[in-house]
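Notes follow once the structure below has been shown.
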Number of protein chains: 2
Amino acid sequence: METVLIIEDDSTMLRGLKDNFAYAGYNVLTAADGEAGLNYALDAKPDLIILDIMLPEINGYEICRLIRKEKLDMPIIMLTAKGEESDIILGLNLGADDYMTKPFSIKELLARAAAFLRRRRQDQQDTYEFADFVFDIGARRLTRKKREIKLSPKEYKLLEFFVKRQGKALTRDEILNDVWGYNSFAGHRSVDRFVTTLRSKIEPDPHNPTFIHTLREIGYKFEPL
Amino acid sequence: METVLIIEDDSTMLRGLKDNFAYAGYNVLTAADGEAGLNYALDAKPDLIILDIMLPEINGYEICRLIRKEKLDMPIIMLTAKGEESDIILGLNLGADDYMTKPFSIKELLARAAAFLRRRRQDQQDTYEFADFVFDIGARRLTRKKREIKLSPKEYKLLEFFVKRQGKALTRDEILNDVWGYNSFAGHRSVDRFVTTLRSKIEPDPHNPTFIHTLREIGYKFEPL
DNA sequence: CACAACGGTAACAAATCCGTAACACACGCC
DNA sequence: GGCGTGTGTTACGGATTTGTTACCGTTGTG
């Protein structure tokens, strides 16, 4: 189920949004101030964020900027009472994807949200194939020539991160952030250790890696073919 | 350059949109009716489509539906004179990504368009090409005629610095600052040594450098071509 | 031409980095 | 509790990388 995070300080509005999104079949997280909202965003990695601009503590623009700074790319729809053109453009330039002015139609908001999530679903495949492997993310299954290869939860998340970013250079920090979580205390060498075990399970010759390549001083890079 | 297709039958409006998008640096295609618009969309595969709803022949909803039916997934922003909630929702459900009601701010439209294209651009990494080399920063890879050339971390950073400042005279101090870091203790001659090894890897004839030129008493200069 | 300054480069020692085995701990299960 | 599994840290060893030095050719200058 897709998760929507709603960050809004007006409790009446928040309740209304929450009920509507829940009724539409989403898993809903809510936050009443910027601090909490930002933490939820970084921690739970929702699929979509509804973000009010006028918030206590940190304002919506700042939250948007910080989320993008962390390289999180879920769609963000901003809400505001102001209808100023300059505000809208500022929001969009900071990395928001859409902008609605209060009062707005809740149905339209739901439709826009659905449009973003539909697009997102298109992009994310759930099975990847490389060499004679089939990696089914939805079913949490890795097979090689029909034979299943068992992976521990962390190995699974690591491989998932690798295949989703195949061909890209990944730093240990990026890996730690995505696979271990931004608030984990794990050290850099833990990445190496899990790469070793992953290699031992999928590489024909772990000493001459075919898929997971080491990038000295940087991290790793996954390449199929 | 990114291509935008504008489908709009009102010639004044079309002209205005075309000029603004062209001025913003896009390659612009225009169509005055649905038939032509659909053909352009299927043929030229633009990166973004601005689509008016009220069109002769085929209306905008139909075009949107047909485009999605062909599995083309570029973002579509719909324009309409009607502000009916039900129209907006219909449009979004048919596969449009955004919807603006006339009269709208052209600046806001540009900002929304930019937001969609920015998302798309995130995925494609920056690469530099010179002679028969391809230097892919995202994948951290240098290739010459499809064959990979291995670079040590420092060689990589040095080449990255050169490529990003191509055509500019670079002093050893600038190079040391950027590649080694401001708090490094490395001496000036270290730069020379790494230039030598870089040359040995990328210059056809290291004694007569094509790319990395020595500037006596100054430093070096990288020039492609 | 002699000389000095400069850059190219081979050689080497030191530093760094990574693969991996070993260990410690936490947790769930019987 | 005892056992097996999963996870994070540490330490060792080997491989690679890096900074320096020395030597030498080149260039510019008087």
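All values reported here derive from a predicted model rather than from experimental measurement. Numbered from 1 within each chain, the chains take letters A, B, ... in sequence-line order.
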**Prompt:** Among all residues two or more places apart in sequence or in another chain, which pass the ring-ring contact (aromatic ring centres under 6.0 Å, His included) test with A/Tyr156?
**Reply:** A/Phe135
**Request:** Return no unless some side-chain N or O of A/Thr214 is found under 4.0 Å from OP1 or OP2 of C/dG19.
**Result:** yes
**Prompt:** Is any side-chain N or O of A/Thr196 closer than 4.0 Å to OP1 or OP2 of C/dT20?
**Reply:** yes
**Residues A/Tyr128 and A/Asp136: side-chain donor-acceptor under 3.5 angstrom** = no
Anything under 3.5 Å between a donor and an acceptor, one on a side chain of residues 175-184 of chain B, the other on a protein residue two or more places apart or in another chain? List them.
unit_1	atom_1	unit_2	atom_2	d
B/Asn177	ND2	B/Asp173	O	3.3
B/Ser184	OG	B/Ala186	N	3.0

**Asked** What one-letter contact string describes nucleotides 16-30 of chain D from 5' to 3', where B marks a base within less than 4.0 Å of any protein heavy atom, S marks contact via sugar-phosphate atoms alone, and - marks no contact?
**Response** BSBBBBB---BB---
**Request:** Mind calculating the distance between OH (B/Tyr156) and P (C/dC17) to the nearest angstrom?
**Result:** 18 Å
**Residues which pass salt bridge (Lys or Arg N to Asp or Glu O under 4.0 Å) with A/Glu203, listed by chain and number, not counting sequence neighbours** = none
**Prompt:** Rounded to the nearest Å, what distance is computed from the CD atom of residue A/Glu203 to the P atom of nucleotide C/dG19?
**Reply:** 11 Å
N/O to N/O distances under 3.5 Å, protein versus nucleotides 24-30 of chain C:
none

**Fill in**
Sequence neighbours excluded, the answer for side chain to side chain donor-acceptor pair (under 3.5 Å) partners of B/Lys201 is B/Glu155
**Request:** Go through the structure and list residues passing side chain to side chain donor-acceptor pair (under 3.5 Å) with B/Arg141, not counting sequence neighbours.
**Result:** A/Glu223, B/Glu148
**Asked** Does any residue of residues 161-178 of chain B have a heavy atom under 4.0 Å from DNA chain C, and if so, which ones, in number order?
**Response** B/Arg172
**Asked** How long is the line joining CG of A/Asp192 and C1' of C/dT16, in whole Å?
**Response** 13 Å
**Request:** Measure the distance from NZ on A/Lys157 to P on D/dG8 and round it to the nearest whole Å.
**Result:** 11 Å
**Request:** To the nearest Å, give me how far apart CG (A/Leu198) and P (D/dG6) are.
**Result:** 13 Å
**Phosphate OP1/OP2 of C/dG8 contacted by B/Tyr220 side-chain N/O (<4.0 Å)** = yes
For a quick test of your reading: what N or O donor-acceptor pairs under 3.5 Å do the side chains of residues 17-29 of chain A make, sequence neighbours left out?
unit_1	atom_1	unit_2	atom_2	d
A/Asn20	ND2	A/Gly16	O	3.0
A/Asn27	ND2	A/Thr3	OG1	3.2

**Asked** Does a donor on one side chain and an acceptor on the other come within less than 3.5 Å for B/Thr214 and B/Arg199?
**Response** yes
**Results of side chain to side chain donor-acceptor pair (under 3.5 Å) for A/Arg216 - residues two or more places apart only** = none
**Request:** Applying ring-ring contact (aromatic ring centres under 6.0 Å, His included), name anything that partners B/Tyr40, two or more places apart in sequence or on another chain.
**Result:** none
**Request:** For B/Lys164, enumerate each residue passing the salt bridge (Lys or Arg N to Asp or Glu O under 4.0 Å) test, keeping only those at least two apart in sequence or located in another chain.
**Result:** B/Glu160
